[in-house]
*Asks:* 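Once you've had a glance at the structure underneath, I'll fire off some questions.
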Number of protein chains: 2
Amino acid sequence: MGRKLDIGELLRQQPVFREMSDELLQRLAAVAIQVRAAKHQLVFRRGEQATGIYIVATGHVKLAIPSPQGQEKVIEFFRPGQIFGDAVMFLDRPYLVDAEALEDSLLIWIDKHHLYEAIDHEPALARHLLVSLSQRLHFLMQDIESVNLQTSTQRVVSWLLRQPRRATDAGTQTSFAVSKNLIASKLGLTPETLSRVLHQLRIAGLIQVEGRDILIHDADALEQCMAG
Amino acid sequence: MGRKLDIGELLRQQPVFREMSDELLQRLAAVAIQVRAAKHQLVFRRGEQATGIYIVATGHVKLAIPSPQGQEKVIEFFRPGQIFGDAVMFLDRPYLVDAEALEDSLLIWIDKHHLYEAIDHEPALARHLLVSLSQRLHFLMQDIESVNLQTSTQRVVSWLLRQPRRATDAGTQTSFAVSKNLIASKLGLTPETLSRVLHQLRIAGLIQVEGRDILIHDADALEQCMAG
DNA sequence: CGACAACTTGAGGCTGTTCAACCTCCGTGG
DNA sequence: CCACGGAGGTTGAACAGCCTCAAGTTGTCG
């Protein structure tokens, strides 16, 4: 699926390629491929071999580990500008996770061989990739910390507080970008448990829940219930 | 603590620097610093700022997240040739973990500034760093999978099977490089639970335990008890 | 030999899961 | 216009697995 219309422009908009020389960017654009993924479509599956990386141009993608029993564990969500599939590519190993589009998405795919070539000529690109990988390593460590050392309430609260929020007159508001099912899986909880935790926080007067929107009345008070 | 004796030689022995030009290696060696860490000594602490990376020359280092209640969660172990502290350095964030020497160790420390310079001149180095980060991202994902989707027995078994083993007449043998306390923490279990699991496997005739040495009678049978 | 750390074993409790029912919101088709 | 159906979400009761705490055992090193 690869029309090659304005890929150069598309690439230029991504943080990773921002500092790149025009010439090199055009060379990359010439070999980059647009991939359209419809909602619910798998971009790749666990076990498949990685031969390149994906950059999200528009849309929303999730990485999740499938399990034989049907339940899955969500590892991460990816938004426009983010890269995924790079770790396994550098390792020459099969994917550990499924990648699924959460909405109709436009991805850019770059072949391993061309990427390596670009890295060799553009140290800034290498740095960006190093930062991108580091970022995700950092997030994963936080997830491991949260699963191993925190209770369900602490996990939900610390996750709430980490979300970007906008101020309103009754507190600050945030909202789930995805279904609560997926949030629960990301936090290592069952949907039932997440629902109960949110209920507890609600009757404690700390938050207000309305569908996917959550109003945080008192962020400081929430922080407190992390400690206790 | 940096005598600068044969750092060039030491660096050359590490996979990351193997392909590097002599000139650049000597430049790095000139600014690299030897760090000796005695057993139980902390190399860095959570919260401190990272200004460079560490490479293990000799010894054994663990990364662990400390928790207010005193228990800690072991994230990873590092052996000679491995790099740590790079992710936070690239991100310019404070350490998330403590780094502690498990035995008297010799580390090489390279300042961020010099490392960036080396990356810019030596694409092969960037590639090695990318691979190193990818490797650890991969391991962390496996850990997350194991904590979220597997029972205590499955975790222990899959860990046993992933260890390097040498053949003996009664099966294949492996041995803990560190105390069972640390293994338990790495697997996200309490020491008590690990002990009980090993006991179960022993009375099931699947393994034989002798201190830190474990004899695996039938690897296939072990695999079976992963599924059931 | 004594002291301390590492490890084991047992009993009991708690957190989160499982399973099942129900509810609510929507889009669809009669 | 309303009945239907299904997905996403909530609630309840009972259970299971792992943890906690406490005591006992083994091993190791002065």
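Here is how names work: the chains are called A, B, and so on, in the same order as the sequence lines, proteins then strands, and each is numbered from 1.
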*Asks:* Among D/dG9, D/dG12, D/dC19, find the nucleotide with the atom closest to the side chain of B/Arg196.
*Replies:* D/dC19

*Asks:* Can you check the A/Asp213 CG to D/dG8 P distance for me, whole Å?
*Replies:*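 To the nearest whole Å, that distance equals 18 Å.
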
*Asks:* Among D/dT10, D/dG9, D/dC18, find the nucleotide with the atom closest to the side chain of A/Ser195.
*Replies:*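 Nearest listed nucleotide: D/dT10.
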
*Asks:* Using atom CD of A/Glu210 as one end and atom C1' of D/dG9 as the other, report the distance to the nearest whole Å.
*Replies:*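 Taking atom C1' of D/dG9 as the reference, CD of A/Glu210 is at 14 Å.
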
*Asks:* Run the numbers on A/Ile214 and A/Gln173 for side chain to side chain contact (heavy atoms under 4.5 Å, CB included), then give the verdict.
*Replies:* CA-CA 6 Å; A/Ile214 297 202; A/Gln173 191 179 13; over 6 Å; no

*Asks:* Using the ring of each side chain (for Trp, its six-membered ring), is B/Phe84 parallel, tilted or perpendicular to B/Phe44, with breaks at 30° and 60°?
*Replies:* tilted

*Asks:* Does A/Glu192 come within less than 4.0 Å of A/Lys180, counting only side-chain N to carboxylate O?
*Replies:*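 So A/Glu192 does not pair with A/Lys180 through a salt bridge.
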
*Asks:* Between A/His199 and D/dT10, is there a contact of a side-chain N or O with OP1 or OP2 at under 4.0 Å?
*Replies:* no

*Asks:* Just checking, is any N or O donor in the side chain of B/Arg165 or B/Thr172 under 3.5 Å from an acceptor N or O on the other one?
*Replies:*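 Indeed, the side chains of B/Arg165 and B/Thr172 share at least one donor-acceptor pair under 3.5 Å.
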
*Asks:* Can B/Arg45 and B/Glu100 be counted as an ion pair, charged N to O under 4.0 angstrom?
*Replies:*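 No.
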
*Asks:* How many whole angstroms separate atom CD of A/Gln200 from atom P of D/dG12?
*Replies:* 10 Å

*Asks:* Can you see if the side chain of B/Thr190 gets near the phosphate of D/dC19 - specifically, an N or O under 4.0 Å from OP1 or OP2?
*Replies:* yes

*Asks:* Can you give me the N/O atom pairs linking the protein to nucleotides 27-30 of chain D at distances under 3.5 Å, or say none if there are none?
*Replies:*
none

*Asks:* On DNA chain C, which is the earliest and which the latest nucleotide, 5' to 3', with an atom closer than 4.0 Å to a heavy atom of chain B?
*Replies:* C/dC7 to C/dA11

*Asks:* Can you tell whether the side chains of B/Lys186 and B/Asp143 come within less than 4.0 Å, N to carboxylate O?
*Replies:*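 So B/Lys186 pairs with B/Asp143 through a salt bridge.
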
*Asks:* Go through the side-chain N and O atoms of B/His199 and B/Arg202 and say whether any donor and acceptor fall under 3.5 Å apart.
*Replies:* yes

*Asks:* Which nucleotide, D/dT11, D/dC18, D/dG8, lies nearest any side-chain atom of A/Asn181?
*Replies:* D/dG8

*Asks:* Is A/Arg155 paired with A/Glu145 through a side-chain N to carboxylate O contact shorter than 4.0 Å?
*Replies:* no

*Asks:* Starting at CG of A/Leu198 and ending at P of D/dG9, how long is that distance when rounded to a whole Å?
*Replies:*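 After rounding, the gap between these two atoms is 11 Å.
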
*Asks:* If only side-chain N and O atoms count, and only distance matters, is there a donor-acceptor pair under 3.5 Å linking B/His217 with B/Gln208?
*Replies:*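 The answer is yes; a qualifying pair exists.
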
*Asks:* For the pair made of CD in B/Glu192 and P in D/dA22, what is the distance, rounded to whole Å?
*Replies:*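 Going from CD in B/Glu192 over to P in D/dA22 covers 12 Å.
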
*Asks:* Contact class for A/Thr193 (heavy atom, under 4.0 Å): base, sugar-phosphate, or nothing?
*Replies:* base

